[in-house]
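Structure first, commentary second.
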Amino acid sequence: RLPAVRLAGFRTNSAGLADVKERTLIAVKPDGVQRRLVGQIIRRFEQRGFKLVGLKMLQVSEGLLAQHYCQLTQKPFYSSLVEYMTSGPVVVMVWEGHNVVQSSRVMVGATNPAAAPAGTVRGDFSLHVSRNVVHASDSLEGAQREIQLWFQGKELVEWDCWDQTLTCEK
Ligand code: ADP
């Protein structure tokens with residue numbers, strides 16, 4: 001077994017390859033909270049081996065949403081999106097791990113649940129694009145921007161796995 005080598009922002013996995021500490025923003029939208037899906041969604045990310053480094057529940061403001069969805073403000077559905085996203089609290093999380101941005105998008109499924117395969121969050125729990133249960137950042141840059149928007153630095157927790165064989169530390 002290779003020794004664990006730690007550099008700033010990097011660690012080596014079991015194959016001796018450097019892993020950037022990639023992070024993404026996942027949010028359970030108001031319909032997911034109302035339908036008591038928070039636990040099931042968290043479970044999927046833990047089960048996959050990702051590491052939870054930030055978590056909070058909040059009522060979203062229109063201002064925050066406008067920043068979060070800055071590329072969508074001119075879309076015809078934007079006002080209904082704001083109504084949906086402010087209709088109740090959301091649970092917002094930061095997850096860390098190898099390829100977490102891309103893997104999360106696969107786990108969440110297509111924006112339109114009709115195109116999301118069974119086994120994905122949207123494919124298993126939703127029917128319509130306007131009630132699609134969960135948000136996942138769509139790129140590394142997007143994830144970085146969204147994490148900074150939703151979380152203060154001190155709200156994100158650096159922690160080490162006790163058991164090095166757990167997937168999050170491999
Ligand atoms: P994603 O959430 O998969 O990254 P987008 O960034 O394109 O997708 O859209 C953001 C959110 O806006 C979607 O998750 C969905 O809640 C809502 N949305 C997107 N397209 C539509 C639409 N045609 N009608 C209603 N709501 C939509």
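The first residue in the sequence is number 1, and the count goes up from there. Numbering of ligands and ligand atoms starts at 1, following listing order.
Here is the list of ligand 1 atoms found below 4.0 Å of a heavy atom in Arg122: 1 (P), 2 (O), 3 (O), 14 (O). The atoms of ligand 1 that sit less than 4.0 Å from any heavy atom of Leu81 are 12 (O), 16 (O), 17 (C).
Contact check for Phe50 versus Asn99: no side-chain heavy atoms found under the 4.5 Å cut-off. Using a 4.5 Å heavy-atom cutoff, the side chains of Ile26 and Phe45 are in contact. Counting only heavy atoms from C-beta outward, the side chains of Leu37 and Gln40 approach each other to under 4.5 Å.
Residue His135 has no nitrogen or oxygen atom sitting less than 3.5 Å from a nitrogen or oxygen atom of ligand 1, judged on distance alone. The shortest N or O to N or O distance between Tyr84 and ligand 1 is not below 3.5 Å. Considering backbone and side-chain N/O atoms, Arg105 comes within less than 3.5 Å of an N/O atom of ligand 1.
In this structure, Lys75 has no heavy atom closer than 4.0 Å to ligand 1.
For atom 6 (O) of ligand 1, the nearest protein heavy atom (residue, atom name, distance) is Leu72 CD1, 4.0 Å. Regarding atom 16 (O) of ligand 1, its nearest protein heavy-atom neighbour is Lys29 NZ, 3.0 Å. Protein heavy atom in closest approach to atom 3 (O) of ligand 1: Thr111 OG1, 2.5 Å. When hydrogens are left out, the protein atom nearest atom 15 (C) of ligand 1 is Val129 O, 3.3 Å; that is the closest non-hydrogen contact.
Few gaps surround CD on Glu155; more than 12 heavy atoms of other groups in view lie less than 6.0 Å from it. Around atom CD of Glu83, no more than 12 heavy atoms belonging to other residues, nucleotides or ligands sit under 6.0 Å away.
The heavy atom nearest to atom 22 (C) of ligand 1, considering only Phe77, Tyr78, Tyr69, is found in Phe77.
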CA sep, side-chain torsions, deciding dist, call: Trp95, Glu22, side-chain contact (heavy atoms from CB on, under 4.5 Å)
CA-CA 8 Å; Trp95 288 89; Glu22 187 173 313; over 6 Å; no
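Contact annotation for Asn132 and ligand 1: only side-chain heavy atoms (C-beta onward) come within less than 4.0 Å of the ligand.
For the pair Lys29 and Tyr84, the cation-pi test (distance below 6.0 Å, angle within 45°) is failed.
At a threshold of 4.0 Å, the pair Glu158-Lys21 counts as salt-bridged, since one of the basic side-chain nitrogens sits closer than that to a carboxylate oxygen.
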